[in-house]
Enquirer: 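This is the structure I want to talk about, given as structure tokens.
First the proteins, then the strands, lettered A, B, ... as listed; each starts at 1.
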Amino acid sequence: MLHIINKSPLTNGALDSCLRVAQSGDILLIEDAVVAATTGNVCAAKLQEAMGRCKVYVLQPDLDARGFGDRLLEGVSSVDYGGFVELTASNKNCQSWL
Amino acid sequence: MKFGIVVNEGPYQHQASDSAYLFAKAAIEKGHEVWRVFFYHDGVNNASKLTEPPQDDRHIVNRWTKLAEEHKVDLVVCVAAALRRGIKEENLAAGFRISGLGQLVEAGVKCDRLVTFGD
Amino acid sequence: MSEVKKFMFVNRKAPYGTIYALESLEVVLITAAFDQDVSLVFLDDGVYQLKKGQQTKGIETKNFSPAYRALDGYDIEKLYVEKESMEARGLSEEDLLVDVTVLSRAEMGELMDQQDVVLSF
């Protein structure tokens, strides 16, 4: 399953909830959630811990828009909107953690 | 692949409609079909033809209209959510149509994937 | 629609503060009317939607919580609550309006994986 997160983990529990429940699959960070995958962010550790069971992706245009284009956390893959589409297609189903 | 998209937030206030549009555009560019976009909750405000953004800003409503015209994307606005928020036939932008929630269920059934954008 | 898919509705928001819970319920009822396989999940603050004793007169808003009791009549019987979400809010099954199945986080994750369509409000 593709899990889509769009909130900063510093102000909202969506990422925490997703990491609590998701046993496997892909996690894509979009919109305000992209900051979770930046170096120095306090949430980086739990994201790295989750990489053992899930693959983590970030939407690069959202990262660039927020000035973090060069601060991507190691182990996280970046995708453009086309990559977002392909992730949705390659997973059997998807869920937006609104 | 056949995609359905759900937009739950209004334009400008939230990035949801922008993300949904860019996703739809990318899907079409990759040869997929965007069969229907369903506007729910405050997302119904994306269909107001009274929308007038500043000249130097993107026109979110017209962008959807153009996508519908060029790629036969079915833009459906939920009737119950629309009436609650003052969206009616008389202020509906081109390319959009007002219909029931059954259209959302139908999109879930007929599309290979249904992707939601919201808050 | 002859085709039947597994639809899951994930409720993670409390009622009244925003309209999501109420409008989500409207989709749930329609989906059941289309004879689809419907599951309702209450996670995080979504658990508050099921709290007994909601009194909305003072905020001049319709109390829609009785509708959860009516779900049975629409053949919607798969209601799931995540254990940790419930306990973190000081709630137990006795505090809830309807009978639910309580799932662990892992069971919840597995159930989500099995769905065809997941709508989150």
Side-chain angles (χ1 to χ4, degrees), chain B residues 1-10 13-17 19-20 23 27 32-47 74 76-87 98-119, chain C residues 1-41 43-46 49 56 59-62 64 67 70-71 74-76 78 111-121:
Chain B
M1 195 169 262
K2 197 183 264 199
F3 281 94
I5 293 175
V6 185
V7 180
N8 288 338
E9 296 299 324
Q13 173 79 15
H14 194 284
Q15 204 185 336
S17 185
S19 298
F23 179 92
H32 298 293
E33 179 190 359
V34 177
W35 189 66
R36 177 173 292 161
V37 183
F38 191 85
F39 297 86
Y40 197 40
H41 303 294
D42 271 359
V44 299
N45 291 310
N46 283 286
D74 189 19
V76 181
V77 179
C78 169
V79 61
L83 290 176
R84 268 194 188 109
R85 293 163 178 87
I87 301 291
I98 295 179
S99 190
L101 274 172
Q103 303 277 304
L104 170 57
V105 181
E106 193 190 21
V109 173
K110 296 250 170 91
C111 295
D112 300 303
R113 300 287 185 277
L114 190 65
V115 191
T116 306
F117 294 88
D119 189 22
Chain C
M1 273 170 271
S2 55
E3 198 181 342
V4 177
K5 280 194 176 180
K6 286 163 102 81
F7 278 76
M8 176 185 274
F9 296 90
V10 181
N11 295 286
R12 294 186 48 248
K13 293 182 172 107
Y16 310 116
T18 56
I19 198 171
Y20 300 105
L22 170 63
E23 288 190 327
S24 162
L25 202 49
E26 292 175 355
V27 190
V28 168
L29 297 178
I30 299 281
T31 307
F34 277 81
D35 294 327
Q36 299 297 308
D37 180 345
V38 175
S39 298
L40 249 74
V41 158
L43 202 66
D44 300 323
D45 280 354
Q49 294 177 24
T56 59
I59 59 168
E60 298 192 4
T61 303
K62 185 180 165 191
F64 61 92
L71 291 175
Y74 291 84
D75 291 328
I76 301 170
K78 295 182 200 167
L111 191 67
M112 286 174 175
D113 282 340
Q114 294 163 9
Q115 304 301 313
D116 295 312
V117 181
V118 182
L119 282 159
S120 175
F121 294 111

Enquirer: Go through the atoms of B/Cys111 and report whether side chain, backbone, both or neither lie under 4.5 Å from a heavy atom of chain C.
Expert: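 Contact with chain C: backbone only.
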Enquirer: Does any heavy atom of chain C fall under 4.5 Å from the side chain of B/Val115, the backbone, both, or neither of them?
Expert: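 Neither part.
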Enquirer: Taking atom CG of B/Asp119 and atom NZ of C/Lys13, what is their separation to the nearest 0.5 Å?
Expert: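 Answer for the CG-NZ pair, B/Asp119 versus C/Lys13, is 6.0 Å.
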Enquirer: Looking at C/Thr18, C/Leu29, C/Asp116, C/Thr31, which has the largest count of heavy-atom pairs under 4.5 Å with chain B?
Expert: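 Maximum pair count with chain B is reached by C/Thr31.
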Enquirer: Is C/Tyr74 atom OH crowded by more than 12 heavy atoms from other residues, nucleotides or ligands, each under 6.0 Å away?
Expert: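 No - once you tally the heavy atoms of other residues, nucleotides and ligands closer than 6.0 Å, there are 12 at most.
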Enquirer: Is it the case that more than 12 heavy atoms not belonging to C/Gln114 sit under 6.0 Å from its CD atom?
Expert: yes
Enquirer: For the candidates B/Val6, B/Thr116, B/Asn8, which exhibits the highest count of non-hydrogen atom pairs separated by less than 4.5 Å from chain C?
Expert: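 With the most close heavy-atom pairs to chain C, the winner is B/Asn8.
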Enquirer: side-chain contact (heavy atoms from CB on, under 4.5 Å), that's the test. Do B/Arg84 and C/Ile19 meet it? Break it down for me.
Expert: CA-CA 11 Å; B/Arg84 268 194 188 109; C/Ile19 198 171; 3.9 Å; yes
Enquirer: Which atoms form the tightest heavy-atom contact between C/Lys5 and B/Gly108, and what is the distance?
Expert: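 Answer, listing the atom of C/Lys5 first, then B/Gly108: NZ-O, 3.2 Å.
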Enquirer: Using non-hydrogen atoms and a 4.5 Å limit, figure out which bit of C/Ser120 sits close to chain B: side chain, backbone, both or neither.
Expert: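 Interface part for C/Ser120: backbone (N, CA, C, O).
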Enquirer: Is chain C contacted by the side chain of B/Leu104, its backbone, both, or neither, given a heavy-atom distance below 4.5 Å?
Expert: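 Only the side chain of B/Leu104 comes within 4.5 Å of chain C.
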Enquirer: To the nearest 0.5 Å, how far apart are CD in B/Glu106 and CD1 in C/Ile30?
Expert: 13.0 Å
Enquirer: Could you look at C/Tyr20 and say if it's the side chain, the backbone, both or neither that has a heavy atom under 4.5 Å from chain B?
Expert: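 Interface part for C/Tyr20: both.
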Enquirer: For side-chain contact (heavy atoms from CB on, under 4.5 Å), just list the numbers for B/Val109 and C/Phe7, CA-CA rounded to whole Å, side-chain angles, deciding distance to a tenth of an Å, and then say yes or no.
Expert: CA-CA 9 Å; B/Val109 173; C/Phe7 278 76; 3.9 Å; yes
